There are 2 protein chains.
Amino acid sequence: MNTKLPPRTVERLSKYRRLLDKYKDLEEAHIYSHKLAALLNLTPEQVRRDLMLIGLTGNHRKGYNIKALIGQIGTTIDRQEGHRVALVGIGNLGKAVLGFIRKANTKMDIVAAFDIDRNKVNTQVAGVACYDIGAAAQIISREQIRIAILTVPPEAAVNTATLLLESGIRGILNFTSVHLDVPPGIYLKDYDIITSLEEIGFFIMD
Amino acid sequence: MNTKLPPRTVERLSKYRRLLDKYKDLEEAHIYSHKLAALLNLTPEQVRRDLMLIGLTGNHRKGYNIKALIGQIGTTIDRQEGHRVALVGIGNLGKAVLGFIRKANTKMDIVAAFDIDRNKVNTQVAGVACYDIGAAAQIISREQIRIAILTVPPEAAVNTATLLLESGIRGILNFTSVHLDVPPGIYLKDYDIITSLEEIGFFIMD
DNA sequence: AATTTATTGTTAATTTTTTCACATTAGTGA
DNA sequence: TCACTAATGTGAAAAAATTAACAATAAATT
C-alpha cells in the first residue's frame, strides 16, 4: 500500500476497477490497455503507467488479466477491513449517495446516517440506521467511523464539520459548496456541481 | 473570452466567484490574494496567476477589488446570454441538483427537466417544467438547450446520452458512473462519488 | 523453428501546472 | 517628501502529469 501514488492515479485505479467489475464474469479474461483506455477516455500509455505503478504486469499478447487487475487495485487502494463511513444530512443528495454506494460493490460501508429531522431520526433509511446529529460524537467514536460524507444545507456546513472533526473523522467528502477549514492530516475533498457546470459552459464551443 | 485558459484555472475562477459572491455586499471592498488563497486551500501565487490570466489587476496595497473580480470572472467564463441547461432524470440526485442551482446565482439556467415517470411528466419540479424523455429532441431543439445534466439510472445512461447528443446537446455532466462515448467537440465531464470516496480512503492516514 | 504481429514496459521528451523569487509599486507615516 | 511596508505581477525554475517512442516479448502463423 504505497502512499506515494499520485492522486490522479488513485482516481483512475478506482475507475478501472469499477468498470471492470461489470466485465469480470463475462466476456474475456483479459483486456488490453487500449481497450481500457477507450472505455474511459484515456490514453493507453496512461493506463499502462498506472498499472505499472501498482506493480501489475500484463501479458504481452493478451493484455491484462481482469481478475488480477481488480485484485491488485484492491490490495493497493483498499484497506483490508474496509472503511466505515457516515452520511451526514439525509436530504435528496444524501439519499442519492446511499443509492450509489449500495449498488457499487465497494469497501466503503455507510454504517450510520445523521440528520436533525425528527421524522428521520431513529429510523432506517435504505438499510442504514439514522441518528440525531447530536449523537454524532458518540456514534462516530463507538462505530470507529473515519470518513464522513457531508450533504447538509450550506448554513449547517461549518458547524457540522467542526463537530465531525472533533468526533474523530479523518476524511470528509464535502458537497456543501461551503469552504471548510481543516487541520493538517485531515483529507478534505470538495465537490461542487456549479463549478463543474460552469467549466462545461466555458469549454463547449458554440 | 480566451479559450486558452487551463481547465484548472477555469474551475478555480468559478470557485473564487462563488465564494466572493457571499462577500460582495458585506465587509471589505477588496481582498488579498493570500486571504482568498487561505479561504480555498490554495497558494497566493496560484490565485494571482489565475487572476493575471484573465487580465485582472489588483492594487498593490489593498489587493483585488471584489466587485471587479466578480465582474471580470463573469466576462471571462460566462456566456453573456447564459446557458440553457436540461436536467435529465428527476430522482433524488436530480432534485438535489435543482436545489443547488436554484440557490447559486449562476448563469446556468435549468429550463427543462426530463423523466419517464408519469407522475412527474407534465408537472413542475422546483419551478422547472418536466417533460417525458420522449419529447427531449423536440424540447431541446425548441429551447436551444446545449448542456445536459445526466442523473438517470445507470441502465438508461447510454441510450439517453445518445438521444441527447442527437438532439443537439454539446456538453454533458454525467453522474451515472457509466462510460459515455462522445464524439469530438462534445464536452463530457464525469463525476463519480465512489471514486471520490475511495480516493479519500486511500489518502487518510490511520 | 523461424517469422510476424501486436502488445507490454519503460525511458525520455514534452506539456501542463505549480511554486519560487524578486522587481515593482501603492499607500503609510515619520 | 522620503523612506518603509506589504502587497502585486511575472519571468524563471521546479514539479507533476501526460505523451511519445521504442526495445522486449508472448503468442500466432508459416
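In what follows, chains are A, B, ... by sequence order, proteins preceding strands, each numbered from 1. This one's a predicted model, so the numbers in the text were calculated from it and none came from an experiment.
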Residues which pass side chain to side chain contact (heavy atoms under 4.5 Å, CB included) with B:Ala137, listed by chain and number, not counting sequence neighbours: B:Ser167
Rounded interatomic separation in angstrom, taking CD from A:Glu45 and P from C:dA12: 17 Å
Nearest-nucleotide pick for B:His34, side chain only, options being C:dC20, D:dT19, D:dA7: D:dA7
Rounded interatomic separation in angstrom, taking CD from B:Gln46 and C1' from D:dA15: 13 Å
Whole angstrom value for the distance that separates P of D:dT10 from CD1 of B:Ile54: 13 Å
Proximal nucleotide (of C:dT11, C:dG9, D:dG9) relative to the A:Arg49 side chain: C:dT11
For atom CG of A:Asn65 and atom P of C:dT8, their distance in whole Å: 13 Å
OP1 or OP2 of D:dT18 under 4.0 Å from side-chain N/O of A:Thr43: no
Distance in angstrom units between A:Leu42 CG and D:dT19 P, rounded: 9 Å
Nearest-0.5 Å distance that lies between atom CZ in B:Phe100 and atom CD1 in A:Ile193: 5.0 Å
Nucleotide D:dT8, atom P - distance to NE2 of B:His30 in whole Å: 11 Å
Distance in angstrom units between A:Asp50 CG and C:dT8 C1', rounded: 15 Å
Pair A:Ser177-A:Ile194, side-chain contact (heavy atoms from CB on, under 4.5 Å): steps then yes or no: CA-CA 9 Å; A:Ser177 84; A:Ile194 307 296; over 6 Å; no
Side-chain heavy-atom pair B:Thr76, B:Leu5 within 4.5 angstrom cut-off: yes
pair B:Ile147-B:Leu173: side-chain heavy atoms closer than 4.5 Å: no
Qualifying side chain to side chain donor-acceptor pair (under 3.5 Å) pairs with a residue from residues 133-145 of chain A, counting only residues at least two apart or across chains: A:Arg84-A:Glu143
Derivation and outcome, side-chain contact (heavy atoms from CB on, under 4.5 Å), residues A:Asp190 and B:Leu40: CA-CA 10 Å; A:Asp190 295 297; B:Leu40 289 166; over 6 Å; no
B:Thr57 vs D:dG9: side-chain N/O to OP1/OP2 distance below 4.0 Å: yes
Spacing between B:Leu56 atom CG and D:dG9 atom P, to the nearest angstrom: 8 Å
Under 4.0 Å protein heavy-atom contact, by nucleotide of nucleotides 22-30 of chain C - B base, S sugar-phosphate only: --BBBBS--
Distance below 4.0 Å between B:Arg12 side-chain N/O and C:dT18 OP1 or OP2: yes
